> 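Sharing a structure here in structure tokens format.
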There are 2 protein chains.
Amino acid sequence: MKFSALPVVALLSMGAAPPPKLPTPADILATAKPAEWQPVDPADLMLIELGNGDRVAIMLAPAFAPAHVANIRALIRTRWFDGSAISRVQDNYVVQWGQSDDKVPPQDLGKPLPAEYDRAAAGLPLVPLPYRDTFAPKAGYSGAFPVAMDKGRAWMAHCYGIVGVGRGLSPDTGNGGELYAVIGQAPRHLDRNIALVGRVLDGFDKMTALPRGTGPLGFYEKAEQRFPIRRVTLAADMPAGARPAYEWLRPESASFAKWLHLRANRHDDFFIRPAGAVDLCNALPPVRAAKPARAQGD
Amino acid sequence: MKFSALPVVALLSMGAAPPPKLPTPADILATAKPAEWQPVDPADLMLIELGNGDRVAIMLAPAFAPAHVANIRALIRTRWFDGSAISRVQDNYVVQWGQSDDKVPPQDLGKPLPAEYDRAAAGLPLVPLPYRDTFAPKAGYSGAFPVAMDKGRAWMAHCYGIVGVGRGLSPDTGNGGELYAVIGQAPRHLDRNIALVGRVLDGFDKMTALPRGTGPLGFYEKAEQRFPIRRVTLAADMPAGARPAYEWLRPESASFAKWLHLRANRHDDFFIRPAGAVDLCNALPPVRAAKPARAQGD
């Protein structure tokens with residue numbers, strides 16, 4: 001009754017050779033070569049420590065929103081996010097966090113930034129997804145991120161776990177001091193309307209399982225419902241030996257191509273009819289924890 | 001910094017007439033005619049009372065899986081689900097509930113049912129979605145359900161909140177005694193591999209916000225982590241005056257067509273660039289609570 005967890009019952013007739021067993025997507029990941037995995041740059045690894053000690057790891061995406069990512073790094077270093085909170089959880093939409101609205105970022109970090117909602121497609125490596133996308137003529141992956149492209153422009157897609165910058169009604173009112181992550185069916189209608197700055201790599205279930213807010217747009221109605229964030233750190237600012245480390249399967253790799261094909265054409269014992277396709281948001285480049293890089297002199 | 005909740009700042013030059021304000025999707029719902037809303041049949045309305053008193057309402061879909069829905073109605077009436085539990089919450093995938101694996105449904109209700117994974121397209125009304133679907137040449141809505149079609153066959157799509165029947169590895173091992181609902185990016189690769197039997201209409205956030213299970217496939221590892229289900233009832237079995245009632249916006253209605261177009265082409269003040277499309281799973285026919293129908297003689 002549990003799907004896909006049961007042992008296979010052998011129903012083959014005696015003497016017949018069993019059909020060759022095709023690999024599963026998990027088999028491909030287990031056998032991918034070390035060089036096919038790309039380490040996350042510690043300067044892009046944002047670590048959120050929640051009030052209960054749980055950790056959420058986010059990879060920042062300077063190729064998509066360089067000014068926003070630079071500002072977020074600077075905000076982290078001023079300790080802007082320490083003592084902040086998750087203030088909004090709207091079911092099938094977003095989790096949002098930051099300081100309360102009356103707080104202003106220090107120095108000039110509260111300045112509105114340029115509206116980095118898309119960028120030139122030229123110069124952005126793309127491994128195209130060989131299936132139809134509903135929203136753009138071309139879609140695929142660049143690094144660990146989902147991307148759509150049209151008419152010479154490229155943008156990150158609002159998939160589950162993708163992180164964006166909260167803003168007001170004017171396009172250039174975000175600064176990265178308030179962030180959100182997608183927790184439901186991809187709200188792709190937000191694509192090119194908001195600066196997307198990263199992807200949650202680990203611990204996201206600690207955010208997605210929070211109680212939904214009962215106020216308008218899923219905001220918590222009472223201050224005590226807000227879920228505390230103790231501290232936010234960049235991995236680059238930690239001692240090299242103490243840094244958590246992650247790596248993603250490079251979309252250019254042979255293993256990614258195999259994995260993607262098997263995700264679209266499932267042969268696991270549970271499946272009867274392969275879909276023949278996969279949605280952009282359901283095949284983000286796989287991520288795993290890695291051994292931290294050794295510091296020089298170790 | 002909260003997105004879309006801020007007042008519009010008037011930047012119009014003095015004397016210029018403001019541009020005509022286009023309606024939002026919410027405006028369309030607020031002004032739809034009563035006849036455009038279709039009441040949910042109480043025989044199809046499955047009400048789950050959780051251990052903490054929260055309620056989840058599910059609309060069953062006999063047009064898609066008649067044998068499974070008939071079995072689920074019979075299981076409900078034998079009180080099969082009373083005292084059962086949510087046993088699995090896998091992030092970005094499914095919530096699953098039922099009795100423990102060693103319990104067997106009473107009478108002949110544990111018999112495997114035919115694999116109702118798709119059906120003849122003929123005879124199923126469909127309002128087509130005018131945008132590309134990644135998985136099928138044709139997609140749209142039938143009643144309140146998302147549907148895909150290909151080569152004369154039709155099936156319900158695995159969207160957020162759609163309910164299916166847990167099964168083992170053989171296709172015909174499900175009976176409806178164990179159910180799941182989708183809680184993440186639509187796992188459309190499951191389409192046509194499982195019997196889909198309904199859609200959550202209300203209270204889903206009480207399931208989606210549960211802690212994720214830490215065992216394989218998101219099963220809870222300890223019995224005490226399982227989230228209790230107190231009672232499951234069909235609305236048809238309640239006194240007419242006490243029944244909760246829901247209605248959906250008929251996809252054939254003029255208001256649905258307007259709503260769908262506006263979902264795909266957002267003009268709300270927050271939006272800068274409309275997407276020009278919407279995903280099948282992001283525009284399910286809207287549902288709302290309704291006044292219960294008066295019983296005869298009331």
Side-chain angles (χ1 to χ4, degrees), chain A residues 1-6 8-9 88-89 91-92 98 101 115 117 131-135 159-161 166-171 173-174 177-178 184-189 191-194 204-205 208-212 216-217 219 263-264 266 269-279 281-282, chain B residues 1-6 8-9 88-89 91-92 98 101 117 131-135 159-161 166-171 173-174 177-178 180 184-189 191-194 204-205 208-212 216-217 219 263-264 266 269-279 281-282:
Chain A
M1 211 78 89
K2 302 185 174 60
F3 56 113
S4 86
L6 304 182
V8 185
V9 179
R88 174 188 187 193
V89 186
D91 196 56
N92 194 15
D101 280 350
Y117 304 162
Y131 310 110
R132 282 190 299 272
D133 184 65
T134 297
F135 297 87
C159 296
Y160 196 92
R167 65 163 174 87
L169 289 180
S170 293
T173 51
E178 187 153 356
Q185 176 67 21
R188 298 278 305 273
H189 59 285
D191 289 4
R192 306 181 90 179
N193 282 283
I194 295 188
F204 197 31
D205 59 322
T208 59
L210 291 172
R212 279 42 182 158
L217 304 173
F219 281 94
R263 288 278 297 177
R266 299 289 291 263
D269 294 316
F270 182 77
F271 287 88
I272 297 149
R273 186 192 294 269
V278 68
D279 185 86
C281 289
N282 244 331
Chain B
M1 212 76 86
K2 299 183 176 60
F3 55 117
S4 87
L6 303 182
V8 185
V9 179
R88 175 188 187 191
V89 186
D91 196 55
N92 193 17
D101 280 350
Y117 303 162
Y131 310 110
R132 281 190 300 273
D133 183 65
T134 297
F135 296 88
C159 296
Y160 197 92
R167 65 162 174 87
L169 289 181
S170 293
T173 51
E178 187 152 356
Y180 68 90
Q185 177 67 20
R188 297 278 305 275
H189 59 287
D191 289 5
R192 305 181 91 180
N193 282 283
I194 295 187
F204 197 33
D205 59 321
T208 59
L210 291 173
R212 278 44 181 158
L217 304 173
F219 280 94
R263 288 278 297 177
R266 298 289 291 265
D269 294 316
F270 182 77
F271 286 88
I272 296 148
R273 185 192 295 268
V278 69
D279 184 86
C281 289
N282 243 332

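Just so it is clear, the model here is predicted, and its values are computed rather than measured.
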> Tell me, do T208(B) and N92(A) make a side-chain contact under 4.5 Å, heavy atoms counted?
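No, their side chains stay 4.5 Å or more apart.
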> Only counting residues at least two apart or in another chain, list the ones meeting ring-ring contact (aromatic ring centres under 6.0 Å, His included) with Y131(B).
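For Y131(B), no residue satisfies ring-ring contact (aromatic ring centres under 6.0 Å, His included) once neighbours in sequence are set aside.
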> Compute both the distance and the angle, then confirm whether R212(B) meets the cation-pi test with F204(A): under 6.0 Å from the six-membered ring centre, within 45 degrees of the axis.
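Because its charged atom misses either the 6.0 Å distance or the 45° angle limit, R212(B) does not stack over F204(A).
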> Which bit of L210(B) comes within less than 4.5 Å of chain A, counting heavy atoms only: side chain, backbone, both or neither?
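Interface part for L210(B): backbone (N, CA, C, O).
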> Does F135(B) have R132(A) sitting over its ring (NZ/CZ under 6.0 Å from centre, angle to axis within 45°)?
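Checked: cation-pi criterion not met.
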> For Y117(B), give me all partners under ring-ring contact (aromatic ring centres under 6.0 Å, His included), at least two apart in sequence or on another chain.
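Residues passing ring-ring contact (aromatic ring centres under 6.0 Å, His included) with Y117(B): none at all.
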> Whether the side chain of N193(B) engages the backbone of F271(A) through a donor-acceptor N/O pair (distance < 3.5 Å, no angle test) should be reported.
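No.
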> Can you tell which part of P216(B) gets under 4.5 Å to a heavy atom of chain A, answering side chain, backbone, both or neither?
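Contact with chain A is absent: no heavy atom of P216(B) under 4.5 Å.
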> Donor-acceptor pair, R167(A) side chain versus F270(B) backbone, under 3.5 Å?
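Yes; judged by distance alone, with no hydrogens or angles, the pair exists.
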> Using heavy-atom distances under 4.5 Å, tell me whether D133(B) contacts chain A through its side chain, its backbone, both, or neither.
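Answer is backbone: N, CA, C or O of D133(B) sit under 4.5 Å from chain A.
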> Nearest 0.5 Å, please: how far is CD in Q185(B) from CG in D279(A)?
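With rounding to 0.5 Å, CG (D279(A)) is 5.0 Å from CD (Q185(B)).
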> In terms of heavy-atom pairs under 4.5 Å with chain B, which of A275(A), A264(A), P187(A), A186(A) leads?
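Top count of heavy-atom pairs under 4.5 Å with chain B: A186(A).
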> Going from CZ on R188(A) to CG on N282(B), what distance comes out if it is rounded to the nearest 0.5 angstrom?
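Answer for the CZ-CG pair, R188(A) versus N282(B), is 10.5 Å.
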> Looking at every non-hydrogen atom in both residues, tell me the closest pair between A209(A) and P211(B) and how far apart they are.
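Shortest heavy-atom separation between A209(A) and P211(B) comes out as CB-CA, 4.1 Å.
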> Let me know if R266(B) has heavy atoms under 4.5 Å from chain A in its side chain, its backbone, both or neither.
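Only the side chain of R266(B) comes within 4.5 Å of chain A.
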